[in-house]
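Here the structure is laid out as structure tokens; the discussion comes afterwards.
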There are 2 protein chains.
Amino acid sequence: MKNNCFFCEYKSVAAQKLSKDELESLSPNCLTVKFKRGDSIIRQGTYSTNVAYLKTGLAKIHIDGPYHIQVVRIVKPKNYLGLPTTFGDKINQYSVTAIEECEVCFIDISTFRKLLHSNPEFSNQIIVELCKGELESYQKCVNRTQKQIRGKLADVLLDFADNIFHSDVFTVNITQEDIGNLVDASRESVSRVMAEFVKDGLISMSGKQITILDRKMLASASKNG
Amino acid sequence: MKNNCFFCEYKSVAAQKLSKDELESLSPNCLTVKFKRGDSIIRQGTYSTNVAYLKTGLAKIHIDGPYHIQVVRIVKPKNYLGLPTTFGDKINQYSVTAIEECEVCFIDISTFRKLLHSNPEFSNQIIVELCKGELESYQKCVNRTQKQIRGKLADVLLDFADNIFHSDVFTVNITQEDIGNLVDASRESVSRVMAEFVKDGLISMSGKQITILDRKMLASASKNG
DNA sequence: CCTTTAATGTGATTTATGTCACATTAATTG
DNA sequence: CAATTAATGTGACATAAATCACATTAAAGG
């Protein structure tokens, strides 16, 4: 699919710093691809040759751990999908998989490098985003390792509502096993705790749709486990 | 203490990309400070006004978690101490503490920004380092959450030997509680497992000095728990 | 639309590791 | 160099959550 980056409605914050000329130099060097649920966008262990940018849909970043997969984070639209894995190592250190229909823009890595080189506003924004990403990953790791399952699940539900769907009613297209891999818990434990939350009136579920009913109680579960 | 960055023998890989002029513009805008064991270099929750760079000594990066402190990583010389916390947020999102005598160079943040802006080689190197840092933190988090204590401790010991001290005999000036916070285990468990490793001949300890005796067994403990 | 496969729910059991409670040893510091 | 204070060692016990083993329900595919 041919791009015209200047008119792209999904530009990243960084790309908004680019001039018309720069955007036009970008157009012939990127390619938008559609993925459907379950499709692999980036595969751990393969060479990374492009910068991937998520235009629409949701994707998960995951790593093969020693015993099971760990879902590192859920990425929402208008975010780069693999900057660390693209610039940190020649070989992808993690995988990215679509969790619903996604449009991903693959940008030629040397073109991206040129932009970093020539436009300091652009590279500054990328640096800021990388820094924020790292802080977030520290924070997530602390939560993952210190809280118990009720707390971790409450966290994830609030994070979905606040930062991804911007609504207390949302439909997550991921399995309980995925959620388990995201919070470091077994699929069975996730099932049990979700049922507990429903029983106690913190949330309701119908199919894959989750409704947050009692934010206060959820926030308290997030704190006190 | 007055600096002359051009002659500084501890320049970072990124700073090695700077011109003589740029280094001389840096000199009046940075300040080297000595810290002793236990001193706080960066404090979580305070404003970050400088980029901190570790010239000598070892430091630990740690975050106040909901229940206890988590040691995120040990930083060795010639590394920036708080790039993510400096550029990702106005307020420091983590603390850094000296674990032995340290020399830290504080660089004025706007000077650092100017260099990022004017020298693409420099900013590129910073980007690469940030990316590597994030990949490493992902990997560490997976290990921390999936392995059991024997495996995690074996990892840390090998990491110390390979990446920090570059020797199988080294003296770590950190307490078992710190090690516990680094691998997410209680101080008691660390003590027990270390004793196990000594008993089984994987390592020996005298005082704070640790000697790795059996790398193979340690590596296998790292894998199989 | 039926059949197969994937996802979820739920009880019983096991287990790694945390917590508590002291004993002991090493470091500080007045 | 006593005298505190900090760090470590070790047993007994408690417990969150994994694992196992099925039952049930939902989704996918021919």
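We name chains A, B, ... by the order of the sequence lines, and we start the count at 1 in each one.
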Of the listed nucleotides D:dA21, D:dT10, D:dA18, the one nearest the side chain of A:Glu188: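 Taking heavy atoms from C-beta onward, the closest nucleotide is D:dA21.
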Quick one: [X] [atom1] to [N] [atom2], roughly how many Å, whole number?
{"X": "A:Ile149", "N": "D:dA16", "atom1": "CD1", "atom2": "P", "answer": "11 Å"}
{"X": "B:Met205", "N": "C:dA26", "atom1": "CE", "atom2": "P", "answer": "12 Å"}
{"X": "B:Tyr67", "N": "D:dA16", "atom1": "OH", "atom2": "C1'", "answer": "12 Å"}
{"X": "B:Asn181", "N": "D:dT8", "atom1": "CG", "atom2": "P", "answer": "12 Å"}
{"X": "A:Glu177", "N": "D:dA18", "atom1": "CD", "atom2": "C1'", "answer": "14 Å"}
{"X": "A:Asn173", "N": "C:dT8", "atom1": "CG", "atom2": "P", "answer": "10 Å"}
{"X": "A:Gln148", "N": "D:dA18", "atom1": "CD", "atom2": "P", "answer": "11 Å"}
{"X": "B:Lys199", "N": "D:dG9", "atom1": "NZ", "atom2": "P", "answer": "14 Å"}

Identified ring pair (Phe, Tyr, Trp, His ring centres under 6.0 Å) counterpart of B:Phe112 within the set B:Phe106, B:Tyr80, B:Tyr53: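 Output: one option passes, namely B:Tyr80.
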Most 5' of A:Lys208 and A:Arg187 on DNA chain D, judged by nearest nucleotide: A:Arg187
5' priority, DNA chain D, between A:Ala185 and B:Arg192 [closest heavy atom]: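 First, find each residue's nearest nucleotide; the 5'-ward one identifies B:Arg192.
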Side-chain touch A:Asn50/A:Ile109, heavy atoms, less than 4.5 angstrom: no
Validation row: B:Leu54, B:Tyr10 side chains within 4.5 angstrom (heavy atoms): no
Residue among B:Glu134, B:Lys140, B:Arg73 satisfying side-chain hydrogen bond (donor to acceptor under 3.5 Å, both in side chains) with A:Tyr138: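 Result for side-chain hydrogen bond (donor to acceptor under 3.5 Å, both in side chains) with A:Tyr138: B:Arg73.
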Earlier contact from the 5' end, DNA chain C, for B:Asp184 and B:Arg37: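 Residue closer to the 5' terminus by nearest nucleotide: B:Asp184.
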Strictly below 4.0 Å: does [X] bring a side-chain N or O up to OP1 or OP2 of [N]?
{"X": "A:Ser189", "N": "D:dA18", "result": "yes"}
{"X": "B:Gln176", "N": "D:dA6", "result": "no"}
{"X": "A:Thr175", "N": "C:dA7", "result": "no"}

Closest approach of A:Ser222 to A:Lys147 (non-hydrogen atoms, all atoms of both residues): O-NZ, 3.0 Å
